[in-house]
Each structure stands twice: as C-alpha cells, then as structure tokens.
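Only a predicted model underlies this, so the values are computations on that prediction, with no experimental measurement involved. Ligands are counted one by one from 1 in listed order, and the atoms in each one are counted from 1 as well.
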Amino acid sequence: MSGPRQPRHFGLIPAAGIGARLGAGIPKQYMPLAGKPMLAHVLDTFAATAVIAHTFVVVSADDGYIGDLVAAAPHWQGRITILFHGGADRHASVLNGLNAIRTQVSDDDWMLVHDAARPGLTSGLIEHLIAALRDDAVGGLLALPVVDTLKRSDQDGRVAQTVERTALWAAQTPQMFRYGLLLQALTQATALTDEAGAIEMLGLQPCLVEGSPRNFKVTLPHDVALAEMFLRS
Ligand code: C5P
C-alpha cells in the first residue's frame, strides 16, 4: 500500500537579468567563469542533485545565448527546462516562471529559487537546506550571519550610525517555499529583492539556514577572481 504522496523539490532559476554592474558586455549569467558560463555552473549543480526532481530556468524572450548553452550540455536533457518568460525585474521573472509551470507542479511541492549569479552553490548546500526545512510549515532560505561591524552612511559618505549586528543575517539563495504559498505571496507582493520578503509580507517567518561564503552573488568586477577561486577549489 502506498502512503501519501511525498512533496517533490524543483529548482527555479531566474536568469533574465543583464547584470550591468559587472560591465562584462554580455549578460552576467553567461560570463565565463573557471571554464564555463556562470549559468552552466548553476545548472550542472541542480542537474546533478538527485533530490531535485526537475529545474526550470527563466530567461528573457529574446535571449540569444541559452540555445548554445543547452546544446553544449546534453546531460541536462530531461533535467532542465528553459522558460522564455523573463520579466522587468527578478520578482517578475520568478512570478512568470511559477505561472508558466502551474500544471506541472502541485501546491505542496517545494520550489528552490536560486540566482543564476551564485555559481558557488553545491549539491551539499542544496541537500543541507532541504534537510533543514523538511518538516517546516513555512520554508526558508540559506543565509550567513553577519560578521563585520555595520555602519550606516550619511549623504557625504561619513558614518551616521553603527548598526547592531547581533541577529543580522545576509540572505542568500536558494530560497525554498511551497509552490502554492510562494505563488500567492509573489502575486500579492510589490518591490522585492527576494522570495522570503514576499512570504514575510503574509505575516510568516521564513527559517534561516546557515549557508556558505562560496555561495556569494557575483555582482562587481572584483567578484570574478573570488568566484573562480571557489569554483576551482
Ligand atoms: O542583478 P542581480 O544579480 O540582483 O539578479 C539576481 C538574479 O535575478 C540573477 O540571476 C538575474 O539573472 C535574475 N533576474 C531576472 N530577471 C530580471 C532581473 C534579474 O531573472 N529582470
């Protein structure tokens, strides 16, 4: 006799940004890092993680790079689906992606939303997040406790205030929430930089799960060397 259906875990990778701050001349997610494009690192990791049932990637409708990326990675076949539904910002790209897969997932399946710009993610970190949230009613995210002393600046770039860092965390991705809850939260929310913020607007408290420095977001030109160091290690 079979028991109740176990919720599945899906990856959702918003990859429809431009990444202007990196100044690479191509969209950031296609920039080569340690021998392959940033997005390929992320998709290799998701495709190789057995607990992930399938991964969806959201790119812009006129993306001219993804075709070559997929053609060069036959091992993604059956593991990765490309959705040409990118939006004006990250929030819109994730929401469009969720709406596009509505018939393929159940409300209680888990969605792991992960930035294409965090190529340092590992299968171990994905498994750590899933294990930590297995019985959680809300869901949560990888994050790192803040270790530096924090300063708030004034308009002249001088210290206006020292901010108490106790209990402060820096949010990373994946951010992992059930499909139905996440769709509801992102549909109602405005002006967000992450999924957890939308869940918080519903009055819920996402769980913080300790991540890793190697999972940092590649944003500025000087991040490239650090990312390559982690990816080669
Ligand atoms: O620009 P930033 O690094 O903050 O973007 C975070 C993630 O959101 C990246 O993976 C980027 O490709 C994605 N994004 C998106 N659609 C947008 C803007 C950003 O999918 N319109």
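- The protein heavy-atom contact nearest to atom 10 (O) of ligand 1 is P14 O, 2.7 Å.
- When heavy-atom distances to ligand 1 are checked against a 4.0 Å cut-off, D115 comes that close through both its backbone and its side chain.
- Ion pairing of K36 with D44 is present here, as a side-chain N (NZ or NE/NH1/NH2) and a carboxylate O approach within less than 4.0 Å.
- We find that D223 and K217 are not joined by a salt bridge, their nearest charged nitrogen and carboxylate oxygen being 4.0 Å or further apart.
- Shortest contact from atom 21 (N) of ligand 1 to any protein heavy atom: G87 O, 2.9 Å.
- Scanning all protein heavy atoms for the shortest distance to atom 19 (C) of ligand 1 gives G17 CA, 3.5 Å.
- Within a 4.0 Å radius of atom 5 (O) of ligand 1, the protein has no heavy atom.
- Heavy-atom contacts of A88 reach the following atoms of ligand 1: 21 (N) (cutoff under 4.0 Å).
- Here the closest non-hydrogen pair linking R8 and V105 is NH2-CA, 3.9 Å.
- The ligand atoms of ligand 1 that sit less than 4.0 angstrom from a heavy atom of A117 are 10 (O).
- For atom 8 (O) of ligand 1, the choice among H91, R90, M38 with the nearest heavy atom turns out to be R90.
- The ligand atoms of ligand 1 that sit less than 4.0 angstrom from a heavy atom of D89 are 16 (N), 17 (C), 18 (C), 21 (N).
- The shortest contact between atom 20 (O) of ligand 1 and any protein heavy atom is with A16 N, 2.9 Å.
- Counting heavy-atom neighbours within 6.0 Å of I26 CD1, excluding the residue itself, gives a total above 12.
- Other residues, nucleotides and ligands place more than 12 heavy atoms under 6.0 Å from the CD atom of Q104.
- Note on L204: it clusters hydrophobically with V113, by side-chain heavy-atom contacts below 4.5 Å among ILVMFWY residues.
- The single protein non-hydrogen atom nearest to atom 3 (O) of ligand 1 is K28 NZ, 2.7 Å, given as residue, atom name and distance.
- Defined by atom type and a distance below 3.5 Å, a donor-acceptor pair is present between the side-chain atoms of T166 and E164.
- For a threshold of 3.5 Å applied to N or O pairs, the pair formed by A116 and ligand 1 contains at least one separation below that value.
- Atom 16 (N) of ligand 1 has S93 OG, 2.7 Å as its closest protein atom, hydrogens excluded (heavy atom only).
- Sorted by first and then second residue, the salt bridge (Lys or Arg N to Asp or Glu O under 4.0 Å) pairs involving residues 94-108 (not counting sequence neighbours) are R5-D108.
- Within the 4.0 Å heavy-atom criterion, neither part of A92 lies near ligand 1.
- When atom types are taken as modelled, the side chain of T55 and the backbone of F46 share no donor-acceptor pair closer than 3.5 angstrom.
- Other residues, nucleotides and ligands contribute at most 12 non-hydrogen atoms within 6.0 Å of the CD atom of Q77.
- The distance from ligand 1 to the heavy atoms of K217 drops below 4.0 Å at these ligand atoms: 2 (P), 3 (O), 4 (O).
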